[in-house]
Structure formats: structure tokens, C-alpha cells
Amino acid sequence: MNKYFIILLFISLITPTQANAKAKNHPLTYYGAVQKGKIIPWKEAQHLLPKGKKFTVIDMDTGLSFNVQRRAGNKHADVQPLTRTDTAVMKYIYDNHWSWNRKAVLIPVKGQLIAASMNGMPHGAGALDNGFPGHFCIHFLDSTTHKRNHADPDHQMMVLKAGDNLEKFVSTATPEQLIQLFLIGVKQRDDILLKAAVGKKQLEKVYSKVEKIQALHYKQEEIQSVIETQPLIVKGAVNVSTIAVERGEGQRSLTVSFKLEKPSTSGTWKIKEVSFN
């Protein structure tokens, strides 16, 4: 067993909860004071990060960073890790498993930090000798997917998180937007999104259920349809049908029920109760 294998084995045994502590031992890839990013639209970001440009990606949750190069993408940035070391850091950020989950990230460029969102799944083509089988996507405000000409809601919420803008978003959110924020938080397994959607106390009541959900699928159109059929004025209930994968239970249908209120017709909507059936 050579030294290189021993080092890799040691890294693989580090648990996700140790990420911040262990990251401090890697000063070249660790940002100890992660700040909020500036939220700018894709039409501006694509010029700051033109095709071929090399730049750094900082994961907000861990403070770890790695280097990439934008190789393609017109509706968002298709990028690749620069080296095998960068690939290893990125995979470590994703708990050593590639995933479609979105993560809030910051990108230093021209003296500022730009708010963005990445996924962690190699796909499509890749051209660099980096041990990464393809490329991955980085989204910005108002960027869209390649197949559909609309923004990906999960990426957009992560951009708001990266820009520390969730509180402002919630203060003017519609019932549909609040419900979607909560469901995205469940789907992406992100406590910050969940807390923004329902508050700390309400989250504590349902967290034991939420943390068991490993994957979640729902239709955004259904939320909109329910609310349009039964318009909410200052109080109401909304049921959303989902397909969930729960730890130890497998895949099953799951109805998530929301009770919402606001103090007056001009007040701010709040999710007062969440239940799972």
C-alpha cells in the first residue's frame, strides 16, 4: 500500500460534519470567512466569465474552493475542474458522491464575489485531463437550462442564498413561492432554505421527517393550479402531491400539506404549519 493510496483512504473516511474543521488544514483551497455574493444576471455574468476563462468556485457551506474553466454554454456556464486535484476537492464537497443537488457558490472575479449555483454531476462532454467524466453547470440569476427556455427554480434559490437575499425574497413571497422554497429545501437537503421558508420553530417540528427524505419530485404547475382554484386571501391550506424517496422506506407517494396566513391583505405570507401524509 503506497502513501498516495493511504492519503486517499484517509480523505474518504472524513465525515461531512468534519468538513469545516478539516478544511482549515487545506489553506490553498479553503476560504475561512465566506461572504455573501453580488447577485448579477446571466447576461452580465457571461461576459465576466467568457468561454475559456479559468476561475475559482467557492462552496458556501464548507468554505472549500476549486478551480475550473468555462468551456461552453450559452444559457448558463458549462465548466470543468482544471486538474485532478480540483476534481477531488469538488467531489469531497459533495461527500464523495456525484450528485445533481444544487449548492450555493461564490465566484471571485474582478475584485468582487458573484453569487451562483452549481450542480455536482458530471455529464456531457469533457476535454481536460482532470479525472472528471464530462462537465457540470453553474447558474446565475435568470440563467436557463439548455433544453428549456426558463430558469431552474432550485438553482435560482441557491443564487439567492449565495447573495444572502432569502430574507428579502420571503418578505414579498406569494404562497406559491413560499411553498416552492420549502420543497426545494427538502429536495436539496438544505437547512438554510428550509429555515427561510418556515422559520426555526416550525422546522424543528418537522425536521425528523424532512431529514429522512433523500429525494423529492413534485410539479410546480400543481401548486399554481391549486392556488388558482382556491384563491388565498389572508388564510388558507394547500396540499401538494409528491413522490419521495425516504431512508429505509424506498419510493412512495407523499402529500405535503401547508397552512398559510398573513395578518392583513397587504401583509406578509407565512407558512404556519407543515405536515406529511
Side-chain angles (χ1 to χ4, degrees), residues 15-17 19-20 60-62 94-95 97 99-104 117 119 152-162 164-227 229-263 267-277:
T15 64
T17 56
N20 273 330
M60 285 198 72
D61 290 336
T62 62
Y94 274 93
D95 300 335
H97 294 90
S99 168
W100 284 109
N101 280 2
R102 281 60 160 160
K103 287 186 176 290
S117 171
N119 63 40
D152 176 89
D154 298 47
H155 275 305
Q156 294 302 301
M157 291 301 179
M158 288 300 180
V159 171
L160 294 182
K161 175 184 172 181
D164 194 24
N165 213 33
L166 287 172
E167 184 176 346
K168 181 179 179 181
F169 172 79
V170 168
S171 69
T172 60
T174 65
E176 179 184 350
Q177 290 172 325
L178 281 179
I179 291 169
Q180 190 169 21
L181 175 58
F182 179 82
L183 293 175
I184 290 172
V186 175
K187 181 180 176 182
Q188 300 300 331
R189 305 176 64 80
D190 191 287
D191 291 356
I192 292 178
L193 298 189
L194 290 167
K195 192 178 296 183
V198 299
K200 182 179 179 180
K201 290 183 179 180
Q202 183 60 227
L203 179 58
E204 288 174 348
K205 294 179 181 179
V206 297
Y207 196 75
S208 60
K209 178 68 175 181
V210 167
E211 68 176 350
K212 293 180 181 179
I213 299 176
Q214 298 177 307
L216 189 75
H217 176 73
Y218 65 94
K219 294 182 179 180
Q220 181 181 352
E221 300 80 8
E222 181 184 341
I223 305 173
Q224 182 179 356
S225 175
V226 171
I227 293 176
T229 304
Q230 301 175 332
L232 306 181
I233 301 175
V234 294
K235 183 182 290 189
V238 178
N239 296 326
V240 181
S241 299
T242 72
I243 301 296
V245 176
E246 296 182 273
R247 187 171 59 251
E249 299 290 338
Q251 180 175 300
R252 70 184 185 93
S253 298
L254 186 68
T255 299
V256 188
S257 300
F258 300 87
K259 290 184 179 179
L260 302 100
E261 292 182 9
K262 66 176 179 177
T268 300
W269 281 103
K270 301 287 185 183
I271 295 175
K272 305 300 289 187
E273 185 178 327
V274 182
S275 59
F276 298 83
N277 301 293

Looking at every non-hydrogen atom in both residues, tell me the closest pair between [X] and [Y] and how far apart they are.
X: His155; Y: Asn119; value: CE1-N, 3.9 Å
X: Ser253; Y: Ile243; value: OG-CD1, 3.7 Å
X: Ile271; Y: Ala197; value: CD1-O, 3.9 Å
X: Tyr94; Y: Arg102; value: OH-C, 4.3 Å
X: Pro153; Y: Gln220; value: CG-OE1, 3.7 Å
X: Val170; Y: Ala196; value: CG2-O, 3.4 Å

Checklist outcome for this item: Only residue of Lys262, Lys259, Glu261 satisfying side-chain contact (heavy atoms from CB on, under 4.5 Å) with Lys235 is Glu261
Checklist entry - Under the criterion side-chain contact (heavy atoms from CB on, under 4.5 Å), which of Ile179, Val186, Val198 is the partner of Val274? => result Val198
Could you state the interatomic distance from [atom1] ([X]) to [atom2] ([Y]), rounded to the nearest 0.5 Å?
X: Asp95; Y: Asn101; atom1: CG; atom2: CG; answer: 9.5 Å
X: His217; Y: Lys219; atom1: NE2; atom2: NZ; answer: 6.5 Å
X: Gln224; Y: Thr229; atom1: CD; atom2: OG1; answer: 10.0 Å
X: Gln156; Y: Phe169; atom1: CD; atom2: CZ; answer: 10.0 Å
X: Met157; Y: Leu193; atom1: CE; atom2: CG; answer: 8.0 Å
X: Gln188; Y: Leu183; atom1: CD; atom2: CG; answer: 11.5 Å

Item to check | Candidate pair Val226 and Asn239, rule side-chain contact (heavy atoms from CB on, under 4.5 Å), full reasoning | outcome: CA-CA 8 Å; Val226 171; Asn239 296 326; over 6 Å; no
Checklist entry - Does Val210 offer a backbone N or O that forms a donor-acceptor pair with the side chain of Arg189 under 3.5 Å? => result no
Next on the checklist: Please check: side-chain N/O of Ser225 versus main-chain N/O of Glu222, any donor-acceptor pairing under 3.5 Å?
Outcome noted: no
Item to check | Within 6.0 angstrom of Lys272 NZ, more than 12 heavy atoms from elsewhere | outcome: no
Checklist entry - Would you say Lys270 has more than 12 foreign heavy atoms packed within less than 6.0 Å of its NZ? => result no
Checklist entry - Would a 4.5 Å heavy-atom cut-off, applied to side chains only, mark Tyr218 and Ile184 as touching? => result yes
Checklist entry - Can you find a heavy atom in the side chain of Phe182 that is under 4.5 Å from one in the side chain of Leu194? => result yes
Checklist entry - Who are the side-chain contact (heavy atoms from CB on, under 4.5 Å) partners of Tyr207, not counting sequence neighbours? => result Asp191, Leu203, Glu211
Next on the checklist: Under the criterion side-chain contact (heavy atoms from CB on, under 4.5 Å), I'd like the reasoning laid out for Leu178 against Phe258: C-alpha separation, chi angles, the key distance, then a yes or no.
Outcome noted: CA-CA 10 Å; Leu178 281 179; Phe258 300 87; over 6 Å; no
Next on the checklist: Apply side-chain contact (heavy atoms from CB on, under 4.5 Å) to residues Gln177 and Trp269 and explain how you reach the verdict.
Outcome noted: CA-CA 10 Å; Gln177 290 172 325; Trp269 281 103; over 6 Å; no
Checklist entry - Passes side-chain contact (heavy atoms from CB on, under 4.5 Å), Met158 versus Asp190? Steps please. => result CA-CA 10 Å; Met158 288 300 180; Asp190 191 287; 3.6 Å; yes
